[in-house]
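Structure first, commentary second.
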Amino acid sequence: MITNAKLSEIFDEMAVLLTFDDGNPFRIRAYQKAVQIIGGLPREAGELSGEDLTRIEGIGKGIASHISEILKTGTLQELQALRSKVPEGLLALARVPGMGPKRARRLYYDDKIHGLEQLQKAAEAGRLRDLPGFGAKLEENILKGIRLAVKASERMLYWEAKLLAQKLLKELGACPGIAEIVPAGSLRRGAETVGDLDILCTARDGARAVEFFTRMPGVERVLAAGATKAAVWLKAQIQCDFRVVPPESFGAALQYFTGSKEHNVALRELAVKQGYSLNEYGLFKSGDAGHKKPLAGRTEEEIYSRLGLSWIAPELRECRGEIAAAQRGSLPDLVELKDVRGDFHNHTRYTDGRDSLEDMVLGARSRGWEWTAIGDHSQSLKVAHGLSPRRLQETIEELRGLQKKHKDIRLMRSMEVDILKDGALDYADEVLASIDVVIGSVHTAFKLPEEEMTRRIQKAAANPHLDILGHLSGRLIGRREAYAFDAGKVFAQAARMQTAVEINGQPQRQDLSDTAARMAAEGGVTLAVTTDAHSAAQLEYMAAAVTIARRAGLEKKHILNCLTYDELKRWLERHE
DNA sequence: GCCGTTTTCGGCCCGACTGTTTTCAGTCG
């Protein structure tokens with residue numbers, strides 16, 4: 001089965017290769033837009049007819065026929081042709097920061113520089129500076145850029161970026177004259193990884209704010225600095241872009257700087273159709289931009305409203321149909337962190353966690369949760385000191401004691417039970433029956449063939465004791481690929497059995513992904529947001545899990561954690 | 001490649017910064 005992710009990947013490669021071959025930027029944009037749209041479809045494109053596909057805005061006859069070709073042959077003839085036309089060395093040149101397709105093409109074809117090594121040698125020998133359009137300064141920047149090329153392509157995990165941004169914001173708060181400071185960009189949209197940090201602030205004296213920013217202790221190198229914006233390379237090994245606008249433009253700038261780029265392009269096109277022009281300073285009557293007062297700009301709401309749209313939450317701004325939904329007034333009422341009443345999945349020091357059962361209780365209580373389930377690993381996961389049935393019963397007794405002591409939160413025992421290679425769960429049914437919330441996860445035998453893995457998980461989900469399927473794809477971002485399985489079949493089984501599927505908030509997991517979670521919900525599956533915390537402090541990962549749920553467009557009604565204790569108890573007894 | 005209550009052809013978002021330039025191309029977001 002060709003997944004939407006695979007289709008997106010192919011169209012993304014098309015867009016990249018066309019940048020070096022075609023010269024028609026609008027065709028490239030059409031592919032980039034298709035990447036976003038297909039990546040966010042709530043169903044597999046492979047299940048849709050050609051007619052269904054072309055009804056989607058941004059998908060026309062061309063892309064639809066490409067999709068059908070990919071479904072039939074696994075690839076695109078045109079892509080194969082482009083691959084043989086655009087050499088890998090050319091792509092490598094263009095990945096150097098400051099080099100784009102034009103300069104890379106020139107160097108590759110006219111000056112026979114066929115890779116990074118040759119580029120570095122040419123720059124070091126001073127051979128670039130005399131080429132037309134190049135100069136000594138550019139040569140120097142290219143040399144610096146080569147060293148950055150690899151690092152700059154690495155992306156930072158959402159949570160890591162969030163903590164880093166918080167630190168920077170605090171430091172920037174000391175700059176006199178800065179009023180508001182907020183993170184924007186992919187971090188504000190809650191993307192699972194972040195390529196660079198974007199920080200927006202309001203100040204009358206932009207140059208002064210920029211100077212303060214570029215001199216912060218966390219800055220390793222200044223890449224660019226002007227009167228209203230700057231870009232730096234941080235010691236934390238990530239780029240940070242900084243933008244200053246006057247207060248009356250704050251909303252417009254926040255909207256612009258939050259992106260995504262595709263969302264912004266679509267929004268500006270809509271503005272043009274309505275006789276306006278939209279930029280980071282505000283919404284203007286067509287032709288007035290730059291010399292008249294904007295019609296809207298102080299807040300994001302003003303701008304969306306003036307365009308006939310309800311305000312769109314940043315997590316949804318990926319050009320996946322959110323603008324049309326905002327026009328219809330049918331945007332989802334997204335779940336919020338405050339709607340969450342407790343956690344299901346975490347670990348104590350009985351297995352591989354750091355804190356005691358009671359520490360976890362206190363952590364949950366300090367978050368204002370109404371209830372919480374506290375978990376551990378099951379017996380076969382020896383590396384994590386999984387609990388034998390006897391040890392498990394002891395911890396259940398201990399939790400009962402804690403319940404008497406802490407009466408303002410309802411406590412449940414959960415367990416992350418291994419799904420064994422044959423799909424059986426790691427405890428006998430009578431043991432499972434003594435656990436309040438049973439989470440089933442795959443921790444072993446990742447390399448099973450797709451069909452076998454699918455059957456394995458389906459079998460586990462068929463066990464009426466199983467409440468939640470844990471970190472379903474098994475991926476670790478940047479470290480381990482998801483294992484092969486048919487998510488559609490598993491979701492169908494989960495929907496039939498009323499088994500919930502987890503959205504795991506651990507920074508490296510973020511599993512389900514936003515798009516998979518959306519697909520699950522469309523298939524009638526209930527989702528559970530969890531922290532997978534290995535310490536009481538890590539219960540804060542709930543915010544990350546909720547962010548994924550929001551990006552998936554989920555509402556309270558989709559999320560198991562939004563049930564009251566009594567409602568949850570009834571849900572847990574659904575098979576009895 | 002997509003799209004159309006002006007259009008099936010001819011449009012297609014907008015601005016900042018840099019470096020190499022005497023007015024702008026390239027890159028980036």
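The figures here come from the full heavy-atom set of this structure, side chains too, leaving out hydrogens, waters and symmetry mates. All chains are named by letter (A, B, ...) in the order of the sequence lines, taking the proteins before the strands, and each is independently numbered beginning at 1.
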Salt bridge (Lys or Arg N to Asp or Glu O under 4.0 Å): pairs with one or both residues in residues 215-239 of chain A, sequence neighbours excluded: A/Glu211-A/Arg215

Derivation of the side chain to side chain contact (heavy atoms under 4.5 Å, CB included) call for A/Phe134 and A/Leu107: CA-CA 10 Å; A/Phe134 286 77; A/Leu107 292 181; 3.9 Å; yes

Strand-adjacent residues in residues 252-267 of chain A, judged by heavy atoms under 4.0 Å from DNA chain B: A/Tyr256, A/Lys261, A/Val265

NZ (A/Lys144) with more than 12 external heavy atoms under 6.0 Å: yes

For atom CD of A/Glu269 and atom C1' of B/dC14, their distance in whole Å: 12 Å

More than 12 heavy atoms of other groups within 6.0 Å of A/Glu117 CD: no

Minimum side-chain heavy-atom gap A/Ile199-A/Val182 below 4.5 Å: no

Closest to the A/Val272 side chain, choosing from B/dG1, B/dG29, B/dC14: B/dC14

Length of the line joining A/Arg29:CZ and B/dC12:C1', which is rounded to integer Å: 6 Å

Side-chain N or O of A/Arg27 closer than 4.0 Å to phosphate OP1/OP2 of B/dG1: yes

Residue A/Glu124 excluded, over 12 heavy atoms near CD under 6.0 Å: yes

Any-strand Watson-Crick or G-U partner of B/dG29, both distances under 3.5 Å: B/dC14

Any donor-acceptor pair under 3.5 Å from A/Gln239 side chain to A/Leu234 backbone: no

A/Glu13 CD - B/dG1 C1' separation (whole Å): 18 Å

Pairs under 3.5 Å (N/O, protein and nucleotides 16-25 of chain B):
unit_1: B/dA16; atom_1: OP1; unit_2: A/Tyr281; atom_2: OH; d: 3.2
unit_1: B/dA16; atom_1: O3'; unit_2: A/Thr228; atom_2: OG1; d: 3.4
unit_1: B/dC17; atom_1: OP1; unit_2: A/Ala227; atom_2: N; d: 3.1
unit_1: B/dC17; atom_1: OP1; unit_2: A/Thr228; atom_2: N; d: 3.0
unit_1: B/dC17; atom_1: OP1; unit_2: A/Thr228; atom_2: OG1; d: 3.4
unit_1: B/dC17; atom_1: OP1; unit_2: A/Lys229; atom_2: N; d: 3.2
unit_1: B/dT18; atom_1: OP1; unit_2: A/Ala225; atom_2: N; d: 2.8
unit_1: B/dT18; atom_1: OP1; unit_2: A/Ala225; atom_2: O; d: 3.2
unit_1: B/dG19; atom_1: OP1; unit_2: A/Asn141; atom_2: ND2; d: 2.9
unit_1: B/dT20; atom_1: OP1; unit_2: A/Gly135; atom_2: N; d: 2.7
unit_1: B/dT20; atom_1: OP1; unit_2: A/Gly135; atom_2: O; d: 3.1
unit_1: B/dT20; atom_1: OP1; unit_2: A/Ala136; atom_2: N; d: 3.3
unit_1: B/dT20; atom_1: OP1; unit_2: A/Leu138; atom_2: N; d: 3.3

Neighbour count >12 (heavy atoms, 6.0 Å) for atom CD, A/Gln77: no

Could you list the donor-acceptor pairs under 3.5 angstrom formed between side-chain atoms of residues 160-174 of chain A and any protein atom two or more places apart in sequence or on another chain?
none

List the atom pairs, donor and acceptor, that lie under 3.5 Å between side-chain atoms in residues 30-42 of chain A and the rest of the protein, sequence neighbours left out.
unit_1: A/Tyr31; atom_1: OH; unit_2: A/His66; atom_2: NE2; d: 2.8

Touch class at under 4.0 angstrom, heavy-atom based, for A/Ile28 against every strand present: nothing

Short side-chain N/O contact from A/Ser277 to OP1 or OP2 of B/dC13, under 4.0 Å: no

Heteroatom pairs (N/O) under 3.5 angstrom, protein to nucleotides 3-11 of chain B:
unit_1: B/dC3; atom_1: OP1; unit_2: A/Gly58; atom_2: N; d: 2.7

Evaluation steps, side chain to side chain contact (heavy atoms under 4.5 Å, CB included), between A/Ile548 and A/Leu512: CA-CA 8 Å; A/Ile548 299 165; A/Leu512 302 178; 5.9 Å; no

Sugar-phosphate only, base, or nothing, as touched by A/Pro101 at under 4.0 Å among non-hydrogen atoms: sugar-phosphate

Spacing between A/Ile37 atom CD1 and B/dC2 atom P, to the nearest angstrom: 10 Å

Length of the CZ-C1' vector between A/Arg105 and B/dG26, whole Å: 14 Å

